[in-house]
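Here the structure comes first, spelled out in structure tokens, and everything after it is commentary.
Values reported hereafter were calculated over all heavy atoms of this structure, with side chains retained and with hydrogens, waters and symmetry mates removed. So that the names make sense, note that chain A is the first sequence line, chain B the second, and so on, each numbered from 1.
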2 protein chains.
Amino acid sequence: MSRLNLTTQRKAILDLVQSCEDHPTAAEIMERLRMKGHQFAYGTVYNSLRYLTDAGLIRELKLGETASRYDGRTEDHYHIVCKKCGRVDEVLSAPPAEWIREVAAKTNYDVHHSQVVFEGVCYSCKHPNA
Amino acid sequence: MSRLNLTTQRKAILDLVQSCEDHPTAAEIMERLRMKGHQFAYGTVYNSLRYLTDAGLIRELKLGETASRYDGRTEDHYHIVCKKCGRVDEVLSAPPAEWIREVAAKTNYDVHHSQVVFEGVCYSCKHPNA
DNA sequence: ATTAAATTTATACTAAGTCTAAATACTATT
DNA sequence: AATAGTATTTAGACTTAGTATAAATTTAAT
């Protein structure tokens, strides 16, 4: 665990991810950086995303698609994906502690963390006329 | 929805996945088929796995690794991954319905399904001496 | 037997990400 | 300020997992 070292590139990428309302992939992040006048090497973007993730400044989301997405929100939270339009929203309710305890007891694991991805249909897709 | 068509290849792959205690990747499935004397084309294995998944006979697990894993258990269940050794176990307790209702209410989604992956440390890794 | 449809095969291709070696940028010490 | 040492960036080759395609084969239906 060494000291945090935010280079120009890492800072720009952190700022960008934090400013996003959505959850961009690495490719989308590169595209948005380019639109802001930044032109970083391919590998630098991946390296920086990993660095920032390891440092706990951003989160990597693996939602079952081929590419990871990134999230500037670092609080513990989950996601819900719309099957119809692909939209991803935040889920702020945590799974009940009672359930986690039950899982730990039944599996004999120390449970550190859980990733939850809900799938369903979002409000807009339910009401396409509105 | 057409009728189920289990070709020789699909049957062999289904049998193999159902006989597994673990959750093999496509590459591991190919390897195990080869050891049993089957030699199917690369693409056939992927096609068959998708076919069997779509037919609901097996499940595709996306546990956040680079490759999908496959599971012969079709009942609704979840998984727990050991951070130390990578081992994957089944979790049979479902998330409480109350929590799902809360999530649906807060997000305005119709929630159809949830994928849950727990991370932690398994019994063997906790007690390495035993 | 003949045609049509579905499936398998071999192989080319794609997407997402890692690895490597050289170039560049920082840091600390004198 | 010069030097040495470490860290980072860059460009591009490479890897892995999976998809796409077109020809060959199998299966099913007349």
Q. Distance check: side-chain N/O of A:Y46 vs OP1/OP2 of C:dG17, anything under 4.0 Å?
A. yes
(Q) Just the rounded figure in Å: distance from C1' of D:dA17 to CD of B:E60. (A) 11 Å
Q: Check the distance between D:dA17's P and B:E28's CD and give it to me in whole angstrom.
A: 9 Å
Q) Angle class for the A:Y78/B:W99 ring planes (parallel below 30°, perpendicular above 60°, tilted otherwise)? A) perpendicular
Q: With sequence neighbours excluded, give me every ring pair (Phe, Tyr, Trp, His ring centres under 6.0 Å) pair touching residues 17-38 of chain B.
A: B:H23-B:H79, B:H38-B:F40
Q. Rounded to whole angstrom units, what separation is found between the CD1 atom of B:I29 and the C1' atom of D:dA17?
A. 13 Å
Q | Interatomic distance where CD belongs to B:E65 and C1' belongs to C:dA16 [whole Å] | A | 16 Å
Q) Between A:R50 and A:D54, is the closest basic N to carboxylate O distance under 4.0 Å? A) no
Q. Counting only distance, no hydrogens or angles, is the base of D:dG18 paired donor-acceptor with the side chain of B:Y42 under 3.5 Å?
A. yes
(Q) Whether A:R69 and A:D71 form a salt bridge (side-chain N of Lys/Arg under 4.0 Å from carboxylate O of Asp/Glu) is what I want to check. (A) no
Q: Can you tell me the distance, in whole Å, between the CG atom of B:D54 and the P atom of C:dA6?
A: 16 Å
Q: Calculate the interatomic distance between A:L49 atom CG and C:dA16 atom P; express it in whole Å.
A: 14 Å
Q) For B:K36, does the NZ atom sit with more than 12 other heavy atoms under 6.0 Å from it, leaving out its own atoms? A) no
Q) Counting any heavy atom closer than 4.0 Å, what does B:S68 reach on the DNA or RNA strands: base, sugar-phosphate only, or nothing? A) sugar-phosphate
Q. Could you give the distance from CG (B:D110) to SG (A:C125), rounded to the nearest 0.5 Å?
A. 10.5 Å
Q) Between atom CE in B:M30 and atom P in C:dT9, what is the gap in whole Å? A) 12 Å
Q) Just how far is it from atom SG of B:C20 to atom CZ of B:R73, taken to the nearest 0.5 Å? A) 13.0 Å
Measure all distances between protein nitrogen or oxygen atoms and nitrogen or oxygen atoms of nucleotides 8-10 of chain D, and list the pairs falling under 3.5 Å.
residue	atom	partner	partner atom	Å
D:dT8	OP1	A:N5	ND2	2.8
D:dT8	OP1	A:R10	NH1	2.9
D:dT9	OP1	A:T7	OG1	2.5
D:dT9	OP1	A:Q9	OE1	3.2
D:dT9	O3'	A:Q9	NE2	3.1
D:dT10	OP2	A:A41	N	3.2
D:dT10	OP2	A:T44	OG1	2.9

**Q.** Nucleotide D:dA7, atom P - distance to CG of A:L4 in whole Å
**A.** 15 Å
